Amino acid sequence: MLLKPLLAAFGAAVLVTSQALAQAPIVIKFSHVVAPDTPKGQAAERFKLLAEKATGGRVKVQVYPNSNLYKDKEELEALQLGAVQMLAPSLAKFGPLGVKEFEVFDLPYIFPNKTALYNVTEGPIGKGLLKKLEAKGITGLAYWDNGFKVMSANRLLRVPADFKGLKMRIQSSKVLDAQMRALGAIPQSLAFSEAYLALQTGVVDGTENPPSNMYTQKMHEVQAHLTVSNHGYLGYAVIVNKKFWDGLPADIRRQLEGAMKEATTYEKAIAQRDNDMALEAIRRSGKTQLYNLSAHEQALWRNALLPVQKQVEERIGKDLIQAINRETAK
Ligand code: LMR
C-alpha cells in the first residue's frame with residue numbers, strides 16, 4: 001500500500017529535477033585579462049547582453065575581466081579543459097599552444113592601416129588561421145580589434161639606439177622577442193597582469209601596448225616617456241571550447257553566432273575611438289612625456305625592424321608572410 005504513493009512521489013521528484021536541469025541555463029564563462037573599460041572588455045559585456053537576449057535567457061554569460069579568473073597562460077589551458085567556455089586572447093599568445101602562425105600579426109609594420117588588417121582577418125587568410133585551432137580542441141569565432149602599439153620606457157625613445165640594454169616587457173611571442181632584440185633591447189615575456197608591477201618596481205624598464213591598455217592599467221603613470229610609434233598591431237581571436245560549442249543545441253549556436261557577429265561589429269566600431277581617447281587622456285594626465293616620431297626617425301625604426309620578417313619566416317611560414325604582404329599591398 002505504502003509503496004505506491006512513495007513511487008509516485010519519487011517519480012514526481014525525478015520529473016521535477018530533470019525538468020529543472022533541462023531548464024537550467026547554459027553557462028558560458030568568458031574570461032579575459034584586460035580592464036572592463038577597454039574595447040575587448042566592453043565587447044565582452046555587449047556579447048553577454050546580446051547572447052542572453054537572443055537566447056531568451058537559455059544562455060547565461062559570466063564575464064571575468066582583469067585576469068580575475070585566469071591569467072594569460074592559464075586561461076588557454078582552462079579553455080582546453082572546459083573549465084571556461086570562451087576567451088579572447090591576444091593573437092600574440094597562441095605560440096605556446098603550438099599555433100605559431102598567429103605570431104605573424106606581431107610583425108612590425110606588416111599592416112599599413114586597419115583596412116589592410118581587416119582584409120586579412122575577414123578574408124581567407126584569417127579564416128584559415130582560425131581553422132588551425134580546431135586540432136587543439138578550440139573553435140575560432142571572430143577577430144576582435146585593439147590597435148597599433150606605442151612604446152614606453154623611463155628613457156626617451158626617439159631612435160633604435162635609445163633601446164640599447166633596456167629590459168622591455170612583451171607578450172609571449174617569439175616575433176616580439178625578435179623585435180625587441182632587433183632594437184638592441186632585452187625582451188622579458190610577462191603575463192599582462194604582472195606588467196604594471198614590473199614597470200613600477202623596475203623589473204623591466206619599458207613596454208609596448210595600444211594606448212587603451214597603457215591607460216587602463218595605469219602603465220603611463222610609472223613610465224617617464226611614451227613614443228607614439230604605431231610600430232605594430234595588437235588584436236584578438238575570440239575562441240571557444242570546441243566540444244562545448246559543437247554540443248550546443250543548433251538553434252542556440254545560431255543565436256550565439258548572431259550575437260557574436262553583432263558584438264564584433266560593435267567592438268571594431270569602438271576600438272580606434274577608445275585608443276584615441278586613451279592617448280588623449282594620457283597626454284592630459286601629464287604623468288608621462290609623449291613623443292611623436294619624425295619621418296626620419298620613423299624610417300630608422302622601419303630599417304631596424306623590417307628585417308625581423310626574414311628572421312622569423314621559418315617559424316611562422318614564408319608563404320603566410322608573403323600572402324599577407326600581397327594582401328596588404330592591394
Ligand atoms: C598584453 O598582454 O599586453 C595584451 O595581450 C593584453 C590584452 O589582452 O590586450
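Both backbone and side-chain heavy atoms feed into the values below; hydrogens, waters and symmetry mates do not. From a predicted model like this one, the values you see are computed outputs, not experimental measurements.
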Show your working on side-chain contact (heavy atoms from CB on, under 4.5 Å) between Leu197 and Leu199 and close with a plain yes or no. CA-CA 5 Å; Leu197 195 61; Leu199 291 165; over 6 Å; no
Does the pair Leu79 and Ile138 meet the rule for a side-chain contact (heavy atoms from CB on, under 4.5 Å), with working shown? CA-CA 8 Å; Leu79 184 83; Ile138 293 173; 3.8 Å; yes
Let's go through Glu103 and Arg315 carefully: what are the C-alpha distance in whole Å and the side-chain angles of both, what is the deciding distance for salt bridge (charged side-chain N to carboxylate O under 4.0 Å, His left out) to 0.1 Å, and is it a yes or a no? CA-CA 9 Å; Glu103 292 179 4; Arg315 177 178 170 78; 2.8 Å; yes
Is there a salt bridge (charged side-chain N to carboxylate O under 4.0 Å, His left out) between Arg283 and Glu280? Walk through the geometry before answering. CA-CA 5 Å; Arg283 185 193 307 281; Glu280 192 44 35; 3.1 Å; yes
Salt bridge (charged side-chain N to carboxylate O under 4.0 Å, His left out) evaluation trace for Glu77 with Lys73: CA-CA 7 Å; Glu77 288 158 10; Lys73 194 163 163 293; 3.2 Å; yes
Trace of the side-chain contact (heavy atoms from CB on, under 4.5 Å) decision for Gln188 with Ile170: CA-CA 6 Å; Gln188 297 223 351; Ile170 57 165; 5.9 Å; no
Step-by-step salt bridge (charged side-chain N to carboxylate O under 4.0 Å, His left out) determination, Lys310 to Glu313: CA-CA 5 Å; Lys310 199 116 199 85; Glu313 69 185 14; 3.1 Å; yes
side-chain contact (heavy atoms from CB on, under 4.5 Å) evaluation trace for Leu129 with Phe102: CA-CA 7 Å; Leu129 283 170; Phe102 277 98; 3.8 Å; yes
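Judged by distance alone, with hydrogens and angles left aside, the side-chain atoms of Asn275 form a donor-acceptor pair with the main-chain N or O of Ala271 at under 3.5 Å. Without hydrogens or angle criteria, Asp205 side chain to Lys167 main chain gives a donor-acceptor distance under 3.5 Å. Asp72 places a side-chain N or O within donor-acceptor distance of the main-chain N or O of Phe192, the cut-off being under 3.5 Å. Of the possible polar contacts, one joining the Asp162 side chain to the Arg158 backbone as a donor-acceptor pair under 3.5 Å is found. The main-chain N or O of Trp245 is found under 3.5 Å from a side-chain atom of Arg253 such that the two form a donor-acceptor pair. Side chain of Arg169 to main chain of Val204: no donor-acceptor pair is present (N/O by atom type, distance under 3.5 Å, no hydrogens or angles). Side-chain atoms of Glu52 come within 3.5 Å of backbone atoms of Val61 as a donor-acceptor pair (strictly under, hydrogens ignored). Of the possible donor and acceptor atoms, one in the side chain of Thr288 sits under 3.5 Å from a partner among the backbone N and O of Gln223. Proximity of a side-chain donor or acceptor of Asn66 to a complementary backbone N or O of Asn68 within less than 3.5 Å is not detected.
The cluster map of Ile, Leu, Val, Met, Phe, Trp and Tyr, joined by side-chain heavy atoms under 4.5 Å apart, puts Ile239 and Ile28 in different clusters. Connection of Leu320 to Leu176 is not established within any shared hydrophobic cluster, with ILVMFWY side chains joined at heavy-atom distances below 4.5 Å, either directly or through further cluster members. Note on Val175: it clusters hydrophobically with Phe94, by side-chain heavy-atom contacts below 4.5 Å among ILVMFWY residues. Following chains of ILVMFWY side-chain contacts shorter than 4.5 Å, one can reach Ile316 starting from Phe111, so the two form part of one hydrophobic cluster. Residues Phe105 and Ile321 fall within the same hydrophobic cluster, defined by Ile, Leu, Val, Met, Phe, Trp and Tyr side chains chained together at heavy-atom separations under 4.5 Å.
The shortest side-chain heavy-atom distance between Leu49 and Glu45 does not fall under the 4.5 Å cut-off. Side-chain contact check for Asn119 versus Thr328: every heavy-atom pair is 4.5 Å or farther apart. Between Tyr109 and Leu305, the closest side-chain pair of non-hydrogen atoms falls below 4.5 Å. Residues Met168 and Pro187 are not in side-chain contact: their nearest non-hydrogen atoms beyond the backbone lie 4.5 Å or more apart. Looking at Lys287 and Ile282, their side chains never come closer than 4.5 Å, going by heavy atoms from C-beta outward. In this structure, Val34 and Thr216 have side chains that are not in contact, with every pair of non-hydrogen atoms separated by 4.5 Å or more. Considering only heavy atoms from C-beta on, Ile252 comes within 4.5 Å of Arg58 through its side chain. Looking at heavy atoms from C-beta onward, Val33 lies out of side-chain contact with Lys71 at the 4.5 angstrom threshold.
The two residues Ala51 and Thr55 come nearest to each other via the heavy atoms O-OG1, 2.8 Å. In terms of heavy-atom proximity, Tyr143 sits nearest to Glu122 at CB-OE2, 4.2 Å. A pairwise comparison of heavy atoms in Gly165 and Ile186 identifies O-CD1, 3.6 Å as the closest pair. The two residues Tyr70 and Ala83 make their nearest non-hydrogen contact at OH-CB, 3.5 Å. The minimum heavy-atom distance between Phe148 and Pro211, with the atom names listed, is O-CD, 3.7 Å. When all heavy atoms of Leu130 and Ala142 are compared, the closest pair comes out as CD1-N, 4.4 Å.
We find the CE-NZ distance between Met151 and Lys149 to be 7.0 Å, quoted to the nearest 0.5 Å. Put simply, NE2 on His225 and CG on Asn154 are 7.5 Å apart, with the number rounded to the nearest 0.5 Å. Taking CE from Met219 and CG from Asn213, the interatomic distance works out to 6.0 Å, rounded to the nearest 0.5 Å. Interatomic distance, CD of Gln80 versus CG of Leu87, reported as 10.0 Å (0.5 Å rounding). Atoms CZ and CG, on Arg326 and Asp319 in that order, are 8.0 Å from each other to the nearest 0.5 Å. In this structure, CE on Met260 lies 10.0 Å from CD on Glu267, to the nearest 0.5 angstrom.
No hydrogens or angles considered: a donor-acceptor pair under 3.5 Å links the side chains of Gln171 and Ser90. For Ser229 and Trp301, the side-chain atoms include no donor-acceptor pair closer than 3.5 Å. If you check the side chains of Gln255 and Asp251, you find no donor sitting under 3.5 Å from an acceptor. There is a side-chain donor-acceptor pair under 3.5 Å between Ser294 and Glu297. Inspection of the Tyr236 and Asp145 side chains reveals no N or O donor paired with an N or O acceptor under 3.5 Å. Side-chain N/O atoms of His231 and Glu208 include a donor and acceptor closer than 3.5 Å. Counting only N and O atoms by type, the side chains of Asn325 and Gln309 include a donor and acceptor under 3.5 Å apart.
No more than 12 heavy atoms of other residues, nucleotides or ligands sit less than 6.0 Å from atom CD of Gln289. More than 12 non-hydrogen atoms from other residues, nucleotides or ligands lie less than 6.0 angstrom from NZ of Lys48. Environment of OH in Tyr215: sparse, with no more than 12 heavy atoms of neighbouring residues, nucleotides or ligands closer than 6.0 Å. For Lys114, the NZ atom counts as densely surrounded, since its 6.0 Å shell holds more than 12 non-hydrogen atoms of other residues, nucleotides or ligands.
Every pair passing side-chain hydrogen bond (donor to acceptor under 3.5 Å, both in side chains) that includes a residue from residues 24-43 is listed here, sequence neighbours excluded: Gln42-Asp274.
Under the 6.0 Å distance and 45° angle rule, Lys218 does not count as a cation-pi partner of Tyr196.
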